[in-house]
Amino acid sequence: MNIKLLGAHNCESQNTKFVTLLIDDSLVLDAGGLTSSLSLSAQQRLKAILLTHQHYDHIRDVPALAMNFYLSGATINIYATLPVYDALTAHLLNGKLYRNFLERPEANPTIKFIVIEPHKAEQIEGYTIMAVPVNHSVPAVGYQITSPDGRVLFYTGDTGPGLADCWECVSPQLLITEVTASNKYEEFGRESGHLTPSLLKQELDAFQELKGYLPQVVVVHMSPGLEKEIEAEIAVIARDLNGSIVLGYEGMQLNL
Ligand SMILES: [Zn+2]
Ligand SMILES: [Zn+2]
């Protein structure tokens, strides 16, 4: 499995993009940094988009990608849980802000939206995919992706602490998780459903206790202004855990 980080941050700027993961050039996890990262032909090769939750930084490029597909007569499959489907159809894909790509063109609408259920493994484009609920300020899931050759990735999306139930359900070799802020913002993290390095440490301790191993960990969704602090604090927990925990960055490629 080849995983490319198209975006690794929670703010967009010249040098940072919203978290978006591209798997084997065909599957996309979250869509905040999608269209500006890929050529039109690379966009055409996409088979499916999986959305973790409804927040703007994770869904922003859905209409932009849809317009590119619409103009070339292609279709794209988008997968998400029911609350995400409800939010997108009520506020974004309702024909008020832009063309309603769920209904146009009439004969073959550009977006095919497939509602998935948490904890139910689905076969999507040759991968086994399971959505697992995480703790955020709105309904949110992470995705476990298992490739045909048995390699396993878990991407948390946005989450706060309290992942014990989630860890019961997943066994990744690679964990891509969020760490939005540095340790001094722990209260903010608990309130808004985000992680800091020390909160991540507690979650990884629980993972190791339960599973008897630690996956390779890549951290995303950093606040750019806090990145230096986060990096230093992540280095400390990596030493404490004797594990591989690194910050992701735009353009990073991981081979699993
Ligand atoms: Zn969020
Ligand atoms: Zn976010």
Side-chain angles (χ1 to χ4, degrees), residues 3-23 28-37 49-65 78-93 115-116 118 131-145 153-163 165-166 175-183 185-197 199-200 203 217-227 229-231 234 247-250 252:
I3 301 140
K4 202 179 293 170
L5 300 190
L6 302 182
H9 291 86
N10 74 339
C11 292
E12 187 177 72
S13 68
Q14 192 174 19
N15 307 313
T16 60
K17 286 182 180 165
F18 293 141
V19 177
T20 304
L21 280 57
L22 177 63
I23 296 174
V28 175
L29 301 181
D30 279 338
L34 184 54
T35 42
S36 64
S37 302
I49 299 174
L50 306 169
L51 302 174
T52 58
H53 66 298
Q54 71 202 45
H55 279 157
Y56 183 74
D57 54 322
H58 298 258
I59 55 96
R60 200 269 311 265
D61 287 350
V62 166
L65 183 84
I78 299 185
Y79 296 82
T81 57
L82 187 60
V84 179
Y85 174 78
D86 286 345
L88 263 64
T89 49
H91 303 293
L92 183 69
L93 299 169
V115 172
I116 54 172
V132 183
V134 294
N135 294 319
H136 196 40
S137 54
V138 293
V141 296
Y143 286 105
Q144 177 167 270
I145 316 277
L153 158 73
F154 185 67
Y155 165 54
T156 63
D158 285 6
T159 185
L163 293 171
D165 290 348
C166 174
L175 172 67
I176 299 182
T177 183
E178 77 127 280
V179 170
T180 299
S182 52
N183 288 339
Y185 292 100
E186 183 166 326
E187 204 178 307
F188 154 82
R190 288 185 188 282
E191 278 168 10
S192 59
H194 288 297
L195 294 174
T196 65
L199 290 172
L200 174 63
E203 300 306 322
V217 180
V218 175
V219 165
V220 295
H221 203 266
M222 293 79 70
S223 262
L226 300 172
E227 188 155 355
E229 262 172 78
I230 294 170
E231 190 171 22
I234 287 290
L247 264 58
Y249 54 86
E250 281 74 14
M252 184 184 205

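No experiment lies behind these values; they were computed from the predicted model shown. Counting starts at 1 for both ligands and their atoms, following the listed order.
- For the pair Ser223 (side chain) and Leu226 (backbone), a donor-acceptor distance under 3.5 Å is absent.
- Among the backbone and side-chain atoms of Asp158, an N, O or S atom lies under 2.8 Å from the Zn ion (ligand 2).
- The N, O or S atom of His136 with the smallest distance to the Zn ion (ligand 1) is NE2.
- Asp57 approaches Asp158 most closely through the heavy-atom pair OD2-OD2, 4.3 Å.
- Aromatic ring orientation, His136 versus His194: perpendicular (interplanar angle above 60°, classes split at 30° and 60°).
- Backbone or side-chain N, O or S atoms of His53 do not reach the Zn ion (ligand 2) at under 2.8 Å.
- Between Asp57 atom OD2 and His58 atom NE2, the angle centred on the Zn ion (ligand 2) amounts to 90° (nearest 10°).
- The distance from the CG atom of Leu65 to the CZ atom of Arg60 is 12.0 Å, given to the nearest 0.5 Å.
- Residue His221 approaches the Zn ion (ligand 2) most closely through its N/O/S atom NE2.
- Heavy atoms only, all atoms of each residue included: Val134 and Thr156 are closest at CG2-O, 3.7 Å.
- Taking each heavy atom of Phe154 and Gln144 in turn, the nearest pair found is CD1-N, 3.5 Å.
- Residue contacts to the Zn ion (ligand 1): His194 brings no N, O or S atom closer than 2.8 Å.
- Of all N/O/S atoms in His55, ND1 sits nearest the Zn ion (ligand 1).
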